[in-house]
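Okay, structure first, notes after.
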Amino acid sequence: MRSRIGAGIALLGTLLAGCGSGGNGQPAAAPSNVPVPVVVGPIGDAGLQGHALWDSWYDLAELGYAEEEYFVSGSAKSHADPAQSAAYTTRILVRRPLDATRFNGTVILDWVNVTAQFENAVDTLEAHQLFHRDGYAYVHVSAQAAGVCCTPLTPQVWDPVRYAALDHPGDDYAFDLFSQIAQLMKTPGEIDPMAGLPVRRVIAVGQSQSGTRLRDYLIEVQPQARVIDAFLIHADGGGVKTYPADPAVPTIQLLSEREATPDAPTVTRNYRLWEIAGAAHQDFWIGVHQVQGQGPRAVGGVQRPASADEDLHVQAGNYGEQVDPGQFVCIVEGTQFPLRYAVMAAIHYLDRWVRDGTPPPQGPRYEFDASGRLARDADGNALGGIRLPPIEVAVASYRSDLCNLGGITIPFTEPQLWQRYPTHADYYCRMQAATARSLAEGFLLPEDAADLMQRVEQSANRWPVAGARDC
């Protein structure tokens, strides 16, 4: 795997470039008015289940990472009435490099989604390859009450012994609770969940419902709290792009087709809008990891070797180049457009923006028809937006407007493929050129370009004629 990535970097990395302007790129100072909460842990194998709920379903130690759960307690202010406060105890799952020299100084705080009334760490699943290869620490934060109790897959029901101490006062206190956990990452007390690793930057990420929460936090809390250095606002509700003022710190708002609206952002400084053509609100990569990885771990308790995650990527990474029986029906996994590539690029460039002030590229806007709806081509694929290679050189229709949140993927039939790309070499060369463009534009990272081109190589089974590559 490492040798393939290295080869991809050597082949494609020289084309990687970013552009744009704006943003001060300076880490936010951690002020004294955000208290550091009390920490208990690591919790270890306590309780009925013997492990944390929603811990990694594969062995992170094999990848050089520690994974530990901690309970975090303090007094949080009400967002509606800051004069009111309430005691809380919630939990965090911390994943960090075991080797201090591998840590890149950045902690990703995932405000975990609770739309399903249990936790779903969407952006952690989307970007875990980036985290492991680049030495990020990443933290699962049970920020909201629904992530603590009271359905079968919430901590206090799943393991009432292990999680008896948890006490969430309600979502009105979630913002201050989240600020305190960010402060903990930078200025720990007696117990340091980061085990002494020097934290230079904290980037907050959240998708859908959590993205909406983070957007509200960015507008209403960040100007005073100033403990978070950058934000990834991912697929937040209606994709509202109206802000009362420029964000205080670097921010990328990353939208899928579900959030597509023609209105323009009201801010430019410290802000980038990335609208991803082909992307659905919930995608196949996330669904496969949930259904075949996270779910069995939570229900059955078996933790598999790290290689199991790589093995799962063979299926989960299908972007429509291979035919799968689930593609033609509404399934929980969702559309196969590889949104993870854009999520990883966004986090990478947010980190760079904070480090040295270099902002990410500006993303082109979606295109809309006269009625204000997202415009589509003859294949049913979206027009405009950031166009990663699988939609620019299409082998499938990505219908994000079907099946509610997930969409469906309709792969082209073999005759359709052969008419458009007579040989596999024709398809390969066009994908290679599109991949180089995405690298040069800054919306695809070299390692992910290598991954994509390996999948293109393996798609030769769809063509009867290999052809000669003259690219």
Side-chain angles (χ1 to χ4, degrees), residues 4-20 126-127 129-130 133-134 232 234-235 252-257 260 272-280 283-285 313 317-321 335-353 358-367 377 379 381-398 400 409 420-421 426-459 469 471:
R4 174 176 64 78
I5 289 174
I9 295 173
L11 174 65
L12 300 169
T14 56
L15 294 171
L16 180 63
C19 57
E126 291 279 22
Q129 292 175 297
L130 171 73
R133 73 194 184 208
D134 284 1
L232 175 62
H234 178 189
I252 293 179
Q253 188 173 17
L254 188 151
L255 302 182
S256 73
E257 293 179 14
R272 291 291 183 266
L273 173 65
W274 283 18
E275 297 176 318
I276 313 300
D283 69 11
F284 190 74
W285 178 267
H313 293 171
N318 182 3
Y319 63 86
E321 84 281 7
T335 187
Q336 292 176 322
F337 182 83
L339 177 60
R340 67 188 182 280
Y341 293 151
V343 173
M344 288 190 282
I347 292 172
H348 169 84
Y349 284 116
L350 277 172
D351 188 48
R352 187 187 70 175
W353 201 354
T358 304
Q362 293 276 15
R365 293 297 313 277
Y366 285 136
E367 295 179 14
D377 62 19
D379 297 322
N381 287 325
L383 295 173
I386 293 172
R387 306 188 66 77
L388 293 177
I391 201 166
E392 191 70 359
V393 187
V395 292
S397 296
Y398 302 107
S400 65
T409 301
R420 190 169 301 197
Y421 318 108
D426 294 323
Y427 174 63
Y428 183 95
C429 288
R430 289 184 61 176
M431 280 293 283
Q432 185 180 71
T435 298
R437 285 194 299 273
S438 288
L439 276 165
E441 291 166 352
F443 301 119
L444 184 66
L445 301 179
E447 297 90 339
D448 302 323
D451 175 79
L452 176 60
M453 288 308 299
Q454 183 188 47
R455 295 177 189 279
V456 172
E457 181 79 50
Q458 293 169 345
S459 70
R469 296 178 189 172
C471 53

Mind checking whether H234 and L339 have side chains closer than 4.5 Å, heavy atoms only?
yes
Is the side chain of R272 donor-acceptor paired with the backbone N or O of P360 at a distance under 3.5 Å, no angle test?
yes
What closest approach, in Å, do M344 and E126 show between heavy atoms, and which atom pair accounts for it?
CG-O, 4.0 Å
Taking side chain as C-beta onward, heavy atoms only, is V395 less than 4.5 Å from Y319?
yes
Yes or no on side-chain contact (heavy atoms from CB on, under 4.5 Å) for Y421 and R430, after CA distance, side-chain angles and deciding distance?
CA-CA 9 Å; Y421 318 108; R430 289 184 61 176; 3.5 Å; yes
State plainly whether the residues R387 and E392 are in salt-bridge range, i.e. N to O under 4.0 Å.
yes
Nearest heavy atoms of I347 and A127, plus distance in Å:
CD1-CB, 3.8 Å
dist L383:CG -> D377:CG (nearest 0.5 Å) comes out at 5.5 Å
Go through the steps to decide whether D451 and R340 satisfy the test side-chain contact (heavy atoms from CB on, under 4.5 Å), and finish with yes or no.
CA-CA 12 Å; D451 175 79; R340 67 188 182 280; 3.6 Å; yes
Look only at the side chain of N381 and the backbone of A396, and say whether a donor-acceptor pair between them is shorter than 3.5 Å.
yes
Under the ring pair (Phe, Tyr, Trp, His ring centres under 6.0 Å) rule, collect the residues that match up with Y398, sequence neighbours excluded.
F337
Answer yes or no: is there a side-chain heavy-atom contact under 4.5 Å between W353 and T358?
no
Separation of H348 NE2 from D134 CG (nearest 0.5 Å):
7.5 Å
Shortest non-hydrogen contact from L254 toward A346:
CD1-CB, 3.9 Å
Minimum side-chain heavy-atom gap M453-Q432 below 4.5 Å:
yes
Minimum heavy-atom separation for G320 and T409, please, with both atom names.
CA-CG2, 4.2 Å
Could you walk me through whether W274 and F443 pass side-chain contact (heavy atoms from CB on, under 4.5 Å), step by step?
CA-CA 9 Å; W274 283 18; F443 301 119; 3.7 Å; yes
Do the charged groups of D426 and R469 touch, with an N to O distance under 4.0 Å?
no
Between the side chains of S400 and T335, does any donor sit under 3.5 Å from an acceptor?
no
For T435 and A449, which heavy atoms make the closest approach, and how far apart are they?
CG2-CB, 3.5 Å
Between L130 and L445, is there a side-chain heavy-atom distance shorter than 4.5 Å?
yes
Side chains of H313 and W285: does their closest heavy-atom pair fall under 4.5 Å?
yes
E441 CD to I386 CD1 distance, which is reported to the nearest 0.5 Å:
8.5 Å
Here the gap from L388 atom CG to Y341 atom OH, rounded to the nearest 0.5 Å, amounts to 9.0 Å
Can you tell me if Y366 uses its side chain to pair, donor with acceptor, with the backbone of E257 under 3.5 Å?
yes
Donor-acceptor pair, distance only, cut-off 3.5 Å: does the side chain of Q454 make one with the backbone of L452?
no
To check you understand the geometry: which heavy-atom pair defines the closest contact between G384 and A277, and what is its length?
O-CB, 3.3 Å
Show the numbers, then the answer: is there a side-chain contact (heavy atoms from CB on, under 4.5 Å) between L350 and L232?
CA-CA 8 Å; L350 277 172; L232 175 62; 3.9 Å; yes
